[in-house]
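Order of listing sets the numbers, starting from 1, for every ligand and every atom in it.
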Amino acid sequence: MIPKDHPRYTSLVTREHLAECARKGIVSWEGLTSHGRGEAFDYLLGEKTSKSARRAERTAAALLRAASRPVISVNGNTAALAAREIALLQKACGAKVEVNLFHRTPERVQQIETLLRDAGADVFSGEAERLLPLSHDRAFCRRDGMYAADVVLVPLEDGDRCEVLVGMGKKVIAIDLNPLSRTAKKATLTIVDEVIRALPVITDACMSLTDEECRGLVAALDNPAFLKEARDEMAARLCHALD
Ligand code: ATP
């Protein structure tokens with residue numbers, strides 16, 4: 001039982017939920033470690049969406065709106081944390097939702113797809129093929145899904161696949177609290193924010209941005225600048241103990 005007045009209530013409830021999802025097999029045990037790394041970086045951000053991240057989220061919406069074949073790639077952690085937010089974003093931008101896992105088994109894929117469907121997502125499933133040039137199981141995707149996508153949103157990604165997707169000519173939007181990760185550096189656009197906070201901002205922007213605003217945001221996209229702003233924000237908090 002986590003007392004409601006505990007100062008870390010939300011974080012503890014989230015951890016408990018992820019641990020429960022790990023026991024069910026939705027989240028991999030290794031996924032719990034990734035969450036811990038994310039939490040550490042979120043501390044440095046003050047556990048809130050920075051101005052720069054908000055602009056990155058609006059830019060992500062602009063990229064998704066401009067895409068012809070957008071895909072949202074979902075792993076176990078993302079499904080456990082934000083299945084409903086994924087479903088709402090899908091409704092707002094018309095992207096396909098496809099499960100892609102490092103620790104892949106048919107049972108896990110099915111469990112995660114069911115979780116997403118129960119949350120209201122229309123999951124693009126069916127036979128996955130080893131189509132990406134990777135030696136691990138993130139290589140599996142669907143020919144008419146991720147393989148054919150022009151824009152891919154990859155929350156909580158690993159660097160290898162991000163690099164491969166960019167190498168295939170796709171625009172890759174990453175959500176990653178670690179601005180130093182390989183993913184953050186390789187993506188077309190990196191949102192340095194917590195996934196549960198980031199997704200609703202992208203969804204709102206998909207619905208509210210004008211076409212002109214979208215064009216302006218895409219034209220101004222400068223990922224190294226977004227990463228520098230995130231690092232500066234974290235450094236300032238470390239050096240000056242900001243609230
Ligand atoms: P890379 O190969 O890109 O260097 P990595 O080895 O850090 O990445 P993973 O262990 O797969 O990759 O971790 C995924 C990333 O997701 C981590 O950098 C972590 O900071 C981030 N992350 C974890 N939980 C969240 C969350 N809830 N919201 C946003 N980012 C998160």
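- Of the charged side-chain nitrogens involved, at least one lies within less than 4.0 Å of a carboxylate oxygen, so that Arg130 and Asp137 count as a salt-bridged pair.
- The only option from Pro179, Ser52, Ser181 that meets the side chain to side chain contact (heavy atoms under 4.5 Å, CB included) definition with Leu227 turns out to be Pro179.
- We find that Arg55 and Glu229 are joined by a salt bridge, their nearest charged nitrogen and carboxylate oxygen being less than 4.0 Å apart.
- Residue Ile191 is tested with Thr59, Ile175, Asp176 for a side chain to side chain contact (heavy atoms under 4.5 Å, CB included); the sole match is Ile175.
- A salt bridge is defined here as a Lys NZ or Arg NE, NH1 or NH2 lying under 4.0 Å from an Asp or Glu carboxylate O, and Asp150 with Lys170 fails to meet this definition.
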Quiz item: Passes side chain to side chain contact (heavy atoms under 4.5 Å, CB included), Ser73 versus Met146? Steps please.
Solution: CA-CA 8 Å; Ser73 175; Met146 205 167 309; 3.7 Å; yes
Quick check on ligand 1: any N or O pairs to the protein under 3.5 Å? One line per pair.
from	atom 1	to	atom 2	distance (Å)
ligand 1	2 (O)	Gly159	N	2.9
ligand 1	2 (O)	Arg182	NE	3.3
ligand 1	2 (O)	Arg182	NH2	2.7
ligand 1	3 (O)	Gly159	N	3.2
ligand 1	3 (O)	Arg182	N	3.4
ligand 1	3 (O)	Thr183	N	2.8
ligand 1	3 (O)	Thr183	OG1	2.5
ligand 1	4 (O)	Arg182	N	3.0
ligand 1	6 (O)	Arg37	NH2	3.2
ligand 1	7 (O)	Arg37	NE	3.4
ligand 1	7 (O)	Arg37	NH2	2.7
ligand 1	10 (O)	Ser34	OG	3.1
ligand 1	18 (O)	Asp176	OD1	2.9
ligand 1	20 (O)	Asp176	OD1	3.4
ligand 1	27 (N)	Glu194	OE2	2.6
ligand 1	28 (N)	Val195	N	3.0
ligand 1	30 (N)	Leu177	N	3.2

